[in-house]
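Here the structure comes first, spelled out in structure tokens, and everything after it is commentary.
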Amino acid sequence: MTAPNPDVRDALSRTGAALLRSADLGRGLSLAEWQNRDNRARYDRPDHHTLSLYLEGGEGVVREDGAVSGGGPDKLCLLPAGHESRWLIGGPLRMLHLYVAPETLAYQAVSALDVDPRTVSLHELTFAEDPATAMLMRGAVLPLDWAAGADRMALGSACHLLLHALLRRHAGGGARAVTGGLAPAIRRRIAELVEARLAEALSLDVLADEAGLSTFHFAKMFKASFGVPPHRYVTERRIARAKDLLAEGGASLAQIALACGFASQSHFTRRFAQATGLTPAAWRGAA
């Protein structure tokens with residue numbers, strides 16, 4: 001039996017599964033397409049969420065820890081971070097995986113759906129039916145060239161739609177809810193302050209003063225409320241503002257860098273590429 005491993009990708013590799021292709025989309029999102037057959041896999045408290053879609057085969061797969069069978073094409077498995085499972089893989093199988101860092105899902109809960117991340121936990125699913133999510137994975141993710149810069153924008157957009165689908169259909173409150181966040185009024189005030197001052201060199205002290213808290217307690221409570229640390233939230237909002245300005249097309253890259261609070265155009269280009277897989281110029285060309 002495969003030895004325990006906290007990473008689903010490593011665990012699958014150690015079974016002899018064939019990695020057909022993969023892509024790191026940045027900001028805690030990555031993709032992998034796998035082939036596997038006739039062995040076992042064990043996932044031992046991975047530090048990321050895994051959404052798995054069976055593309056071919058899977059009828060002979062059994063989840064041994066729950067004695068659950070019923071796999072097959074277009075069946076979904078959702079394995080939250082921290083779960084444990086053991087799998088008997090009978091026959092051939094091809095599957096598509098989306099790996100999601102918990103912070104990334106929490107940030108999407110706040111920024112896209114205005115959901116308090118303290119109430120979000122993913123349901124564990126085995127061989128589930130979700131035709132809309134399966135169609136999105138097959139139709140919007142699978143056909144793209146994951147290595148081509150021209151497809152990176154579409155790929156990122158499709159994966160974020162998948163995150164929203166997970167949050168809307170397969171998430172809820174529960175034992176993993178986090179306590180100790182900012183009061184709703186303070187949370188709104190901090191979010192408004194960040195949006196209004198993205199062009200400035202925002203410091204943790206400024207944000208903490210606005211909340212009336214010490215920097216230590218503010219940082220801890222901010223992450224509970226927004227899902228990510230303050231510095232990452234500010235960077236995410238700057239990247240989002242930059243995308244809007246790039247789409248509008250009127251400003252130069254240097255002007256956008258200044259308007260979004262980056263130290264220089266090169267700093268802007270580096271951070272934007274880390275977040276999206278594309279340079280700002282390539283993003284503008286693909287828009």
Side-chain angles (χ1 to χ4, degrees), residues 22-31 99-114 117 144-164 187-210 215 218-219 222-223 225-287:
S22 63
D24 184 352
L25 305 180
R27 290 297 190 263
L29 286 177
S30 58
L31 290 163
Y99 305 113
V100 185
E103 277 192 357
T104 299
L105 191 74
Y107 175 75
Q108 287 298 316
V110 173
S111 62
L113 303 179
D114 197 28
L144 295 173
D145 184 344
W146 297 357
D151 282 350
R152 293 287 289 196
M153 184 185 298
L155 193 60
S157 296
C159 288
H160 280 92
L161 287 175
L162 284 172
L163 295 187
H164 300 168
R187 177 175 169 269
R188 286 193 298 272
R189 199 162 72 238
I190 293 298
E192 291 168 357
L193 174 64
V194 169
E195 294 299 316
R197 299 177 63 175
L198 285 177
E200 303 176 23
L202 275 170
S203 69
L204 186 61
D205 288 340
V206 169
L207 298 177
D209 286 346
E210 180 69 20
T215 55
F218 174 77
F222 185 100
K223 185 174 181 179
S225 294
F226 287 87
V228 293
H231 70 276
R232 177 167 170 185
Y233 179 82
V234 172
T235 299
E236 294 284 0
R237 299 314 305 155
R238 285 176 170 151
I239 296 295
R241 173 75 59 81
K243 287 178 181 178
D244 291 341
L245 294 175
L246 287 167
E248 291 172 7
S252 69
L253 297 184
Q255 289 171 327
I256 293 174
L258 184 64
C260 295
F262 294 99
S264 64
Q265 183 176 330
S266 62
H267 180 227
F268 167 47
T269 297
R270 185 169 64 253
R271 288 302 186 101
F272 193 90
Q274 289 172 349
T276 67
L278 293 176
T279 66
W283 181 278
R284 173 174 273 171

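In what follows, residues are counted from 1 in the order of the sequence shown. Bear in mind that the values here come from a model prediction, so they are computed numbers and not experimental data.
Put simply, CD on E195 and CD1 on I190 are 12.5 Å apart, with the number rounded to the nearest 0.5 Å. If you take SG on C260 and NE2 on H267, they are separated by 12.0 Å, rounding to the nearest 0.5 Å. Annotation: the span from L245 atom CG to S252 atom OG amounts to 10.5 Å, rounded to 0.5 Å. A distance of 4.5 Å separates CZ of F218 from CG of L207, quoted to the nearest 0.5 Å. Once rounded to the nearest 0.5 Å, the distance linking CZ of R152 with CG of D145 reads 10.5 Å. Note that CG of L144 is 9.0 Å distant from SG of C159, once rounded to the nearest 0.5 Å.
In this structure, A191 and Y233 approach most closely via the heavy-atom pair CB-OH, 3.9 Å. The minimum heavy-atom distance between L155 and L31, with the atom names listed, is CD1-CD1, 3.7 Å. A pairwise comparison of heavy atoms in A201 and R238 identifies CA-NH2, 4.3 Å as the closest pair. Taking every heavy atom of both residues into account, M153 and L278 meet most closely at N-CD1, 4.1 Å. For the residue pair A199 and A259, the shortest heavy atom distance occurs at CB-O, 3.3 Å. Taking each heavy atom of L29 and H160 in turn, the nearest pair found is CD1-CE1, 3.9 Å.
In this structure, the side chain of T104 engages the main chain of R27 through a donor-acceptor pair within 3.5 Å. Distance alone, capped at 3.5 Å, places no donor-acceptor pair between the R237 side chain and the L198 backbone.
A search for salt bridge (charged side-chain N to carboxylate O under 4.0 Å, His left out) contacts involving K223 returns E103, not counting sequence neighbours. In this structure, E248 has no salt bridge (charged side-chain N to carboxylate O under 4.0 Å, His left out) partners at least two apart in sequence or on a different chain.
Residues L258 and Q265 fail the side-chain proximity criterion, which asks for heavy atoms closer than 4.5 Å. Residues T276 and K243 are in side-chain contact: their nearest non-hydrogen atoms beyond the backbone lie under 4.5 Å apart. When side chains are defined from C-beta on, F262 counts as touching I239, because their heavy atoms get closer than 4.5 Å. Counting heavy atoms from C-beta outward, V206 and E200 have side chains that stay 4.5 Å or more apart. In this structure, R284 and I256 have side chains that are in contact, with non-hydrogen atoms separated by less than 4.5 Å.
Screening residues 234-259 for ring pair (Phe, Tyr, Trp, His ring centres under 6.0 Å) gives no qualifying pairs among residues at least two apart or on separate chains.
Annotation: R271, atom CZ; neighbour count of heavy atoms from other residues, nucleotides and ligands within 6.0 Å does not exceed 12.
Salt bridge status for E236 with R232: present, with a side-chain N to carboxylate O gap under 4.0 Å.
Ring orientation note: the planes of F272 and F268 are nearly perpendicular, at an angle over 60° on the 30°/60° scale.
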